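Working notes for the structure below.
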There are 4 protein chains.
Amino acid sequence: MPGQVSSAPSPRIERKRDKRVQEIVRTAADLFAERGYDAVSLDDVAERLDVTKGSLYYYFAGKDELCTAALETLGNGWMERLEELSAAYDGSDVGRLRALLHEHIMIAVRDYPAALRLFLVPREWPASQARSIKAMRTRHDAIFRDVIDSGVRAGEFDAISTDVTLQCMHAAMTQAPTWCGRLTGRARTRAIDELTDTLMLLVGCSRADD
Amino acid sequence: MPGQVSSAPSPRIERKRDKRVQEIVRTAADLFAERGYDAVSLDDVAERLDVTKGSLYYYFAGKDELCTAALETLGNGWMERLEELSAAYDGSDVGRLRALLHEHIMIAVRDYPAALRLFLVPREWPASQARSIKAMRTRHDAIFRDVIDSGVRAGEFDAISTDVTLQCMHAAMTQAPTWCGRLTGRARTRAIDELTDTLMLLVGCSRADD
Amino acid sequence: MPGQVSSAPSPRIERKRDKRVQEIVRTAADLFAERGYDAVSLDDVAERLDVTKGSLYYYFAGKDELCTAALETLGNGWMERLEELSAAYDGSDVGRLRALLHEHIMIAVRDYPAALRLFLVPREWPASQARSIKAMRTRHDAIFRDVIDSGVRAGEFDAISTDVTLQCMHAAMTQAPTWCGRLTGRARTRAIDELTDTLMLLVGCSRADD
Amino acid sequence: MPGQVSSAPSPRIERKRDKRVQEIVRTAADLFAERGYDAVSLDDVAERLDVTKGSLYYYFAGKDELCTAALETLGNGWMERLEELSAAYDGSDVGRLRALLHEHIMIAVRDYPAALRLFLVPREWPASQARSIKAMRTRHDAIFRDVIDSGVRAGEFDAISTDVTLQCMHAAMTQAPTWCGRLTGRARTRAIDELTDTLMLLVGCSRADD
DNA sequence: AATGAATGAGTGTTCATTCAT
DNA sequence: AATGAATGAACACTCATTCAT
């Protein structure tokens with residue numbers, strides 16, 4: 001167990017370790033997103049990192065934990081971007097929601113083209129990791145729920161049920177890469193815009209409202 | 001009939017065989033839907049059927065073939081129900097679309113609680129299945145595209161892009177079981193209704209329109 | 001157990017059974033010679049006969065027994081041809097030996113192109129079948145030993161050791177198909193002749209002696 | 001050397017690995033020679049090495065690769081001994097050929113008592129091995145063809161066809177262990193000598209010639 | 001006499017995990 | 001901090017054998 005010998009590890013060493021962990025997690029996240037949990041072996045991860053499989057076990061207790069970490073890293077980056085965007089946005093709720101939807105789709109399509117496997121399709125995770133995934137989803141919902149509730153109060157939005165609306169948006173956005181992924185350039189841009197506009201209908205905003 | 005060799009099997013035997021095949025396919029379909037292709041072993045299928053793995057090979061050439069058969073059986077049943085409903089429906093496009101959405105969600109939630117794996121995530125399947133799944137999806141889209149296009153022409157609907165609308169509906173409906181599955185009784189019924197109504201917004205129909 | 005019910009089976013039925021057994025054995029022999037014991041499954045045999053695997057068990061106790069029968073049939077035919085030739089031959093021992101060698105090679109190359117697997121390479125047979133194979137070899141040796149001994153006594157031949165000579169001849173002749181098999185037409189005929197002549201050297205007969 | 005990642009393994013480790021590979025290959029070679037490709041399972045190999053099957057895959061990509069390595073190791077050792085003998089021999093072609101024949105038989109009988117499976121029966125091996133085996137045979141033929149051609153030019157030998165002579169010698173020598181294997185001590189020595197002398201007849205050398 | 005069905009042991013292969021060094 | 005080695009439980013698939021009908 002590293003760092004256990006001399007009371008606490010020096011900050012320098014800890015930083016180095018963190019950096020290594022980050023490298024591993026990033027690589028793993030990429031692979032899991034590309035091929036899905038089952039189709040990725042630890043050998044694959046190790047090879048792409050140019051280390052041996054055994055080394056991974058120095059940093060992670062097993063495949064599941066590595067995957068959880070990957071999920072968290074992936075999700076954290078994603079959510080931070082949305083949270084920052086929401087915080088920075090200055091304007092109507094309509095504009096803010098549209099910006100959030102658009103950004104979510106962009107991230108999904110461009111950065112994590114296969115993340116739906118991780119966030120949409122349930123898998124039997126060990127309990128500890130199920131919690132972590134659920135937390136991510138809650139955080140995601142909070143961001144959008146905030147805007148929608150605010151817009152509803154302001155009379156800008158009209159939703160049958162905020163919960164259901166959130167589910168629909170999440171499902172459609174996360175699924176987006178599978179059909180936008182085929183497109184490129186202008187066609188993709190247009191598809192993303194259309195999707196954004198379509199989802200705005202769920203809160204009663206037609207394009208003419210902007 | 002002396003000397004008759006390797007004739008076709010009697011109809012009675014053939015019926016029996018067909019029934020057995022159906023049993024196997026059903027069981028396999030359930031398992032694949034529950035856990036996904038990779039996470040289901042032929043031993044799992046065999047055990048649930050209370051036979052040995054080897055027996056499965058008497059009926060199917062391998063895991064892939066079994067899976068294809070399962071997918072097709074599952075999808076055929078589903079699509080047939082939708083097609084019949086659509087054909088039988090007599091009334092406005094608004095009503096027909098709502099009925100289709102409602103039925104799709106009911107099937108998803110009640111009958112194939114985890115089928116999203118089958119129809120949402122394409123990469124999870126071996127190449128051999130990809131075709132079969134795509135065909136199913138095309139068939140599904142045709143049913144809904146029909147109503148939407150008709151409604152648009154009749155001025156009942158207003159969609160930004162039929163394609164995008166179809167994708168959103170499909171994503172949300174197929175994903176439904178993961179969040180409606182937790183509910184029971186009245187709460188579930190209400191959730192399904194709300195989801196139906198929410199999706200109607202995508203073609204510009206608010207509840208007041210009915 | 002067939003034929004057990006009414007004391008003895010009628011000759012007509014027995015003949016029919018024998019014919020069936022012959023069919024099976026022939027087919028099996030062909031397959032074993034083509035691909036070798038391990039590479040032939042009972043399904044292969046059954047399919048070529050256009051019956052089901054189960055039927056084979058009505059006539060044979062198992063794969064090994066079927067193979068033994070095939071070997072015996074193969075070997076009997078072979079040996080009979082050599083024995084008849086030897087008995088019919090009227091002339092010097094030189095001529096008789098040459099004729100036997102030539103015939104053996106012809107049979108090996110033309111009729112049982114892969115029999116070396118069966119007669120040259122030892123396999124761990126169950127005891128009962130090992131005996132049967134050994135008997136075949138003994139019978140083969142007897143045919144050639146006869147001529148050679150006779151020739152030696154007559155002063156026509158000169159062998160260092162009859163046993164060793166027999167082994168060499170048998171090895172070379174049985175192996176022949178693997179190198180003559182590639183040839184066709186005239187080239188093959190010539191190769192067979194050359195081989196015959198070469199083997200005659202083992203008993204001290206150069207071509208000029210004829 | 002900090003930060004050095006995935007460097008080449010130290011020579012000490014590499015040596016150790018090579019030794020292990022040698023162990024495995026030797027064991028596999030023995031087994032394949034004893035029973036043939038199909039009849040040897042990786043479990044057999046593993047058990048004789050007292051490791052688990054999985055370990056073999058750490059060193060070899062699969063059964064075929066292991067078999068290829070085994071064949072090559074076996075054949076290389078054999079051929080090297082013959083080549084060295086031929087190079088070192090100083091004397092007439094008669095003496096050199098006799099020495100080569102004798103050595104070949106000794107190796108076959110004493111060191112690789114069942115190698116006939118490797119060099120006699122081509123069809124028993126998967127296609128991937130066929131090349132390797134053929135190469136070995138070519139190398140073998142070259143050694144003996146050399147002496148024979150030289151002897152023929154020098155008037156020491158007389159052969160009907162060098163090719164056919166080579167085939168006969170090869171067949172008889174390789175087959176030798178199956179009949180000399182039973183003998184021991186003096187009897188075996190005598191049998192080997194007789195076989196050598198008998199094969200010398202194929203190039204027209206009777207014992208008196210020496 | 002023959003079939004369809006089922007079995008169970010075995011076969012090559014993969015892979016998460018462990019561990020001494 | 002990392003490696004090379006080994007393990008053992010799975011897995012898809014094959015096949016000789018059995019048996020009720």
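Fair warning: this is a prediction, and the values are worked out from it, not measured in the lab. Residue numbers begin at 1 in each chain, while the letters A, B, ... track the order of the sequences.
Counting non-hydrogen atoms under 4.0 angstrom, D:K16 reaches nothing in the nucleic acid. C:S41 comes within 4.0 angstrom of the backbone, heavy atoms only, and of no base. Residue contacts shown for C:V40 are limited to sugar-phosphate atoms, with no base heavy atom under 4.0 Å away.
When rounded to the nearest whole Å, the span between NZ of A:K53 and P of F:dG4 equals 12 Å. Rounded to whole Å, the distance from CG on D:D64 to P on E:dG12 is 10 Å. Across the protein-nucleic acid pair, D:L42 atom CG and E:dA9 atom P stand 20 Å apart, rounded to whole Å. Atom CG in B:L66 sits about 15 Å away from atom C1' in F:dC11, given to the nearest Å. Counting to the nearest Å, the C1' atom of E:dA2 and the CD1 atom of B:I13 are 11 Å from each other. Between C:Y58 atom OH and E:dG4 atom P the separation is 17 Å, expressed in whole Å. Remark: P of F:dA9 and CG of B:D44 are 17 Å apart, rounded to the nearest angstrom. Distance A:R15 CZ to F:dA1 P: 13 Å, rounded to the nearest Å.
When both pairing distances are held under 3.5 Å, F:dT7 makes a Watson-Crick or G-U pair with E:dA16. When both distances must be under 3.5 Å, the Watson-Crick or G-U wobble mate of F:dA1 does not exist.
Side-chain contact check for B:D64 versus B:Q129: some heavy-atom pair is nearer than 4.5 Å. Inter-residue side-chain proximity for D:R48 and D:L31 is flagged as met; some heavy-atom pair is nearer than 4.5 Å.
Distance from the side chain of B:R17 is smallest to E:dA5 among E:dA5, F:dT3, E:dT3.
Among the candidates C:V21, C:V25, C:L66, the single residue satisfying the side chain to side chain contact (heavy atoms under 4.5 Å, CB included) test with C:Y59 is C:V21.
Taking CZ from A:R20 and CD from A:E23, the interatomic distance works out to 4.5 Å, rounded to the nearest 0.5 Å.
Each of D:G54 and A:Y57 was assigned the nucleotide of DNA chain E with the nearest heavy atom; the assignment lying further toward the 5' end belongs to D:G54. Along DNA chain F, the nucleotide closest to A:Y59 and the one closest to B:Y37 are compared, and the more 5′ of them pairs with A:Y59. Nearer the 5' end of DNA chain F, as judged by each residue's closest nucleotide, is the contact made by A:L56, out of A:L56 and B:K63. Residue-to-nucleotide proximity on DNA chain E shows that, of B:R20 and D:A61, the 5′-proximal contact is made by B:R20.
Formation of a donor-acceptor pair under 3.5 Å by the A:K63 side chain with backbone atoms of A:Y37 is found in this model.
Not one side-chain nitrogen or oxygen of B:S55 sits closer than 4.0 Å to the OP1 or OP2 atom of E:dA5.
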